[in-house]
There are 2 protein chains.
Amino acid sequence: MVTIRDVSKLSGCSVATVSRVINKSGYVSADAKQAIQKAIKELNYKPNTIARSLSGKKTYTVGLIIPDIMNPFFPEIARAIEDVASEIGYTVLLCNTDDNLQKEKNYIDVLQTKQVDGIIIASYTIDEQQILNLYQDRFPVVVLDRIFHSSNIPAIVSKNREGSYIAVKHLIDQGCKKIAHIAGPFEVYASRERFVGFEEACKKNTCYLPSLISYQNGFHVSHGFDGMNELLDKDSEIDGVFAGNDLMALGALKALNKRGISVPKDIKLVGFDNTSLSAMTIPSITTIKQPIYEIGKRAMNTLLSIIDGKKVEKYVTELDVELIKRESS
Amino acid sequence: MVTIRDVSKLSGCSVATVSRVINKSGYVSADAKQAIQKAIKELNYKPNTIARSLSGKKTYTVGLIIPDIMNPFFPEIARAIEDVASEIGYTVLLCNTDDNLQKEKNYIDVLQTKQVDGIIIASYTIDEQQILNLYQDRFPVVVLDRIFHSSNIPAIVSKNREGSYIAVKHLIDQGCKKIAHIAGPFEVYASRERFVGFEEACKKNTCYLPSLISYQNGFHVSHGFDGMNELLDKDSEIDGVFAGNDLMALGALKALNKRGISVPKDIKLVGFDNTSLSAMTIPSITTIKQPIYEIGKRAMNTLLSIIDGKKVEKYVTELDVELIKRESS
DNA sequence: TTGAAAGCGGTACCAT
DNA sequence: ATGGTACCGCTTTCAA
């Protein structure tokens, strides 16, 4: 391995001077600079990042903590984060925690001992105190898809409530009279918000009935499937369904399909997220688009601001959602 | 930040001894050990991984280079790798390269200066010489879904040829007389193999016609859509389609749907990969299951063996594929 | 404008 | 069994 001392020797300058030209810091004469650059070329010298980190206190690496990269919401988040990271020479550590407290705690420890410059966390279950500790230690953190009202931890979320409202409004506009909702788990911030948005829209438009909500303890395809069946068993006049996310919407679609109920003729269906799968189903699913990529991008940019010691003016960034009309409605 | 010297002072032992108990190396008296462990607890000391890496030459981090985490094949790969990594205290750097040579070259450099212990590469385009260089520098590398016959670079692939054969055989068993293939780009190892498997199966079973193949220059939904339309325009008697992967199968399904051709009644369809989406479509898509998780797992285990200096006996690991029967056939 | 040298937080060799 | 200390490769202060 070629070190800074090799460059120093070959160029006839001291390591300090070499360091200066590498980092473009301090004064270096044109002659010295040239000699050093020549030596760097010749030796194909690449500064050792580890040594740099140890001395300089920065690793140019951030940690991304998510429940599971296999959940279709997260690849795009990860991609966005990685895109802005790599753009400026940062690198991203991928951490899956399955919403498991122990794994989360463990990863936070690991990331700290690895001296990452900051952490982006998307977790439904994580111990609030855990994150608060980081925040109070002035460790750069940004939270996704969740808000801690008890503190000023920077958070990026999208307008879930408004999204639900738009979804229900759309179903009404399409002629639906009896609209049901398949709600995700209430521990999850986004589920709660979507539920509230649904309630608000229903109250304003007189289609609210408590029996028209199925409460699920998860948000995967199977939950949508079960929820849809549950709703259909209770009330056969349902003509519109708003599912808490696309995965559940797909589950609902499967249940409807199995019963021979036609979408969108008999029942119209709207999902949430606009994950890639919603465009892939047949019929494709109308959904509320979260700007997933944008969420990731903003999160990373916010994190970088914090890392650079800039004051973050907006602690909560709320991003706009949008109705994507497709075949299911 | 608490350092080893703080522990040394508080415990009354030297840093060398503290280091010994941290690493369970060398002899330490019971008394010393106890005092040190007490001090570690009290100070909540965590060894600094960066310092450790600088001195010890290992970072316990590996790089994962893939085209795009948003491609549904890779989240599961990433998950598998991260699972085995985290299990033994390793950490994974996520690198998306979009099959772009410059990005690949750049990431390989970055990963080397970050001193990762090894790299797992899944790339269709990457310069063979690039990887060869790493390999010859004795830098631990494992390649996914591709084989370099010119060298002994460890590779994990699945039995693509056999998979195609099984797919075609299945279509024949279902009564298909005229089977078409939508082939992915030939630069991609897996596409070539699947194509060859298709040809072999057709020749053995007398349903081979060159006109029944659509050659696509990509493998996304749109390519399947276009390919299907192309085939249908050429020959209206097709009653079975084998798509080069699930995304293309979905595209084909969409095209068929649009033309009012019923699947599986009029045309039966088989995909490849068994990505999660294949189970989600309506009708769900029969496919050849690649053991995606297993591929990732093996790749990481192989990499770890290499890192630990063990001899790798099998340079090419070929994993079995399996027919997953679903509604589309 | 330059260089010597003291860290950064560990590891591990060599004495004792 | 233990401790002193010279590294690992780079940054940064301080003096020249």
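Just so we're clear, the structure is a prediction, and the values are computed from it rather than from any experiment. Residue numbering restarts at 1 for every chain, and letters A, B, ... go by the order of the sequence lines. Excluded from the calculations below are hydrogen atoms, water molecules and symmetry mates; all remaining heavy atoms, backbone and side chain alike, are included.
- Rounded to whole Å, the distance from CD1 on B:Ile22 to C1' on C:dA12 is 13 Å.
- For A:Tyr45 and D:dC10, the shortest distance from a side-chain N or O to OP1 or OP2 is below 4.0 Å.
- At the heavy-atom level, B:Val15 lies under 4.0 Å from base atoms of the strands shown.
- Heavy-atom distances to DNA chain D give each of A:Val2 and B:Ala32 a nearest nucleotide, and the one nearer the 5′ end belongs to B:Ala32.
- No donor-acceptor pair closer than 3.5 Å links the side chain of A:Ser8 to the backbone N or O of A:Ile4.
- Separating the CG atom of B:Asp31 from the P atom of D:dT2 is a distance of 8 Å, rounded to the nearest angstrom.
- Residue B:Ser55 places no side-chain N or O under 4.0 Å from the OP1 or OP2 atom of C:dG10.
- Here A:Tyr90 pairs with A:Tyr60 under the ring pair (Phe, Tyr, Trp, His ring centres under 6.0 Å) rule; sequence neighbours left out.
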After noting the C-alpha distance and the side-chain angles of B:Leu132 and B:Ile153, does the key distance pass the side chain to side chain contact (heavy atoms under 4.5 Å, CB included) rule?
CA-CA 8 Å; B:Leu132 236 49; B:Ile153 298 179; 3.6 Å; yes
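- Using a 4.5 Å heavy-atom cutoff, the side chains of B:Ile66 and B:Asn96 are in contact.
- Both B:Leu54 and A:Arg52 lie close to DNA chain D; mapped to their nearest nucleotides by heavy-atom distance, the more 5′-ward contact belongs to B:Leu54.
- D:dC10 atom C1' lies 11 Å from atom CE of A:Met1, rounded to whole Å.
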Between B:Lys57 and A:Met1, does a side chain to side chain contact (heavy atoms under 4.5 Å, CB included) hold up when you go through it step by step?
CA-CA 12 Å; B:Lys57 299 291 167 220; A:Met1 141 160 284; 5.5 Å; no
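- Rounding to whole angstrom units, CG of residue A:Asn48 and C1' of D:dC8 are separated by 9 Å.
- Spacing between atom CG of A:Asn23 and atom P of D:dT11 amounts to 4 Å, rounded to whole angstrom units.
- Looking at residues two or more places apart in sequence or on another chain, you find a ring pair (Phe, Tyr, Trp, His ring centres under 6.0 Å) between A:Phe219 and A:Tyr124.
- Between B:Ser14 and D:dT2, a side-chain N or O to OP1/OP2 separation shorter than 4.0 Å is absent.
- Side-chain proximity of B:Lys57 to the nucleotides D:dC8, C:dG9, C:dG3 is greatest for D:dC8.
- Nearest nucleotide to the side chain of A:Thr17, out of D:dG3, C:dT11, C:dG3: C:dG3.
- Summarising the geometry, the separation between CD1 on B:Ile36 and C1' on D:dA1 is reported as 11 Å, rounded to the nearest angstrom.
- Of the residues in residues 3-11 of chain B, B:Thr3, B:Ile4, B:Arg5 come within less than 4.0 Å of DNA chain C through at least one heavy atom, sorted by number.
- Taking atom CD of residue A:Gln34 and atom P of nucleotide C:dT2, one finds them 13 Å apart after rounding to whole Å.
- Residue-environment remark: NZ (A:Lys33) stays at or below the threshold of 12 foreign heavy atoms within 6.0 Å.
- Comparing atom distances between the B:Arg20 side chain and each of D:dG9, D:dG3, C:dT1 picks out D:dG3 as nearest.
- Using a cutoff of 4.0 Å between basic side-chain nitrogens and carboxylate oxygens, B:Arg79 and A:Asp68 are scored as salt-bridged.
- Distances from the side chain of A:Ser29 to the nucleotides C:dT11, C:dG9, C:dT2 place C:dT2 closest.
- When the C1' atom of D:dG9 is taken as reference, atom CD of B:Gln112 falls 17 Å away, rounded to whole Å.
- B:Lys46 comes within 4.0 angstrom of the backbone, heavy atoms only, and of no base.
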